[in-house]
Amino acid sequence: MSTEHGALLGPADIRELAAALGVRPTKQRGQNFVIDANTVRRIVRTAEVRPDDVVVEVGPGLGSLTLALLETAAHVTAVEIDDVLAAALPATIVARLPEKAAHFALVHSDAMLVRELPGPAPTALVANLPYNVAVPVLLHMLDTFPTIERTLVMVQAEVADRLAAAPGSKVYGVPSVKANWYADVKRAGSIGRNVFWPAPNVDSGLVSLVRRAEPVKTTASKREVFAVVDAAFAQRRKTLRAALSGWAGSAAAAEAALVAAGVSPQARGEALTVEEFARIAEHKEAAA
């Protein structure tokens, strides 16, 4: 094992690496590099990464979290869109954790386009996700790789709150319901601004997602259920009878589907569980 923070990147290492590569973190890609070794160790601990885990990491950047994951996991596959960062990361792994280099793979791609990964199937997803793509990337990875059992993502605090929100909460919405389709979701801690370079002007939060042992019981497809969710929250102030009228074909058809599903037509989307959205999807033809 390396000395306390031996293999991991500190603030000086990060700035040195960035300068050598001519990298300036870009707002457009939501890049904020973690410069604190204790924080990445905490993320790995909170993610409960085990020695037999195959971890996929999205947006590894300069490799802070990647190195911490490699110290614990059996294998790490990192997905990086940035040309310069993707080219540099393998060399960083070889330089700082040579004994783990064979347990690392890099996929140079936009995570939203990734349909397969090299090596063994991933069992965990651990990532510091850029704010602007956090939710779509998370849902895409959970959908594409059903072997991912445990996920821990670091996102903007507000996004963390949304993902982990329960029905009835003011911030409960599309991300909350869709994440819950795949997993049990909860907040798993907060991260201050000073562990990043550059320091963002918002706090970050950790979100834990443990894949459901049993999928949502429904005869409707995921696509059908998500169509109801999208319609319900597109006009979240409206009652479901009104909000779902376009989806069902008319307000009367929406009401029939809601009544058949055992949901009040006067309810609003923010009060419903993912199971209730699934029941509504099953009764789309109720008025026909």
Side-chain angles (χ1 to χ4, degrees), residues 30 46-47 58 111-112 124-146 148-191 202-218 220-244 247 254 257-258 261-264 266-282:
T46 307
V58 175
M112 290 298 290
L125 166 65
V126 184
N128 168 21
L129 292 176
Y131 166 56
N132 46 357
V133 295
V135 172
V137 165
L138 173 63
L139 297 176
H140 169 73
M141 296 300 284
L142 289 173
D143 194 55
T144 308
F145 301 103
I148 293 174
E149 296 157 18
R150 297 175 332 281
T151 295
L152 187 80
V153 289
M154 178 159 60
V155 292
Q156 186 170 336
E158 180 198 330
V159 178
D161 290 340
R162 277 196 210 142
L163 282 167
S169 153
K170 274 193 174 65
V171 293
Y172 182 75
V174 172
S176 331
V177 185
K178 290 184 178 178
N180 205 236
W181 169 267
Y182 299 103
D184 295 316
V185 190
K186 65 179 202 310
R187 275 294 296 257
S190 298
I191 303 278
V202 290
D203 292 323
S204 296
L206 296 174
V207 182
S208 156
L209 301 97
V210 177
R211 192 176 290 271
R212 285 169 171 264
E214 294 285 320
V216 177
K217 285 186 170 57
T218 179
S221 68
K222 182 201 74 174
R223 195 173 53 80
E224 290 166 335
V225 177
F226 283 14
V228 182
V229 176
D230 288 334
F233 287 103
Q235 300 164 299
R236 67 183 294 151
R237 293 184 183 284
K238 291 192 173 180
T239 64
L240 286 169
R241 183 184 191 274
L244 297 182
W247 163 83
L258 287 158
V263 175
S264 164
Q266 299 312 306
R268 289 180 168 78
E270 64 212 39
L272 269 55
T273 63
V274 67
E275 288 81 5
E276 287 170 314
F277 280 113
R279 285 211 306 275
I280 297 166
E282 290 173 15

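Quick note: residue numbers are just sequence positions, from 1.
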Name every donor-acceptor pair, under 3.5 Å, that has one atom in a side chain of residues 166-176 and the other anywhere in the protein, sequence neighbours excluded.
unit_1 : atom_1 : unit_2 : atom_2 : d
Ser169 : OG     : Val171 : N      : 3.2
Tyr172 : OH     : Leu272 : O      : 2.5
Ser176 : OG     : Arg162 : O      : 2.6
Ser176 : OG     : Gly173 : N      : 2.9
Ser176 : OG     : Gly173 : O      : 3.3

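- Taking Gln156 as the reference, nothing meets the side chain to side chain donor-acceptor pair (under 3.5 Å) condition, with sequence neighbours excluded.
- For Thr46, there are no side chain to side chain donor-acceptor pair (under 3.5 Å) partners, not counting sequence neighbours.
- Shown here are the side chain to side chain contact (heavy atoms under 4.5 Å, CB included) partners of Ser204, two or more places apart in sequence or in another chain: Met154, Ile191, Phe196.
- Residues forming a salt bridge (charged side-chain N to carboxylate O under 4.0 Å, His left out) with Arg211 (at least two apart in sequence, or on another chain): none.
- Here Asp230 pairs with Lys178 under the salt bridge (charged side-chain N to carboxylate O under 4.0 Å, His left out) rule; sequence neighbours left out.
- Remark: Asn128 pairs with no residue by the side chain to side chain donor-acceptor pair (under 3.5 Å) rule, at least two apart or across chains.
- In this structure, Val153 and Met141 have side chains that are not in contact, with every pair of non-hydrogen atoms separated by 4.5 Å or more.
- For the ring pair (Phe, Tyr, Trp, His ring centres under 6.0 Å) test, residues two or more places apart in sequence or in another chain that qualify with Trp181 are Phe226.
- Not counting sequence neighbours, the partners of Ser221 by the side chain to side chain contact (heavy atoms under 4.5 Å, CB included) test are Arg223, Glu224.
- Applying the salt bridge (charged side-chain N to carboxylate O under 4.0 Å, His left out) criterion to Glu282, with sequence neighbours excluded, gives no partner residue.
- For Lys238, the salt bridge (charged side-chain N to carboxylate O under 4.0 Å, His left out) criterion is met by no residue, not counting sequence neighbours.
- For Glu149, the side chain to side chain contact (heavy atoms under 4.5 Å, CB included) criterion is met by Arg50, not counting sequence neighbours.
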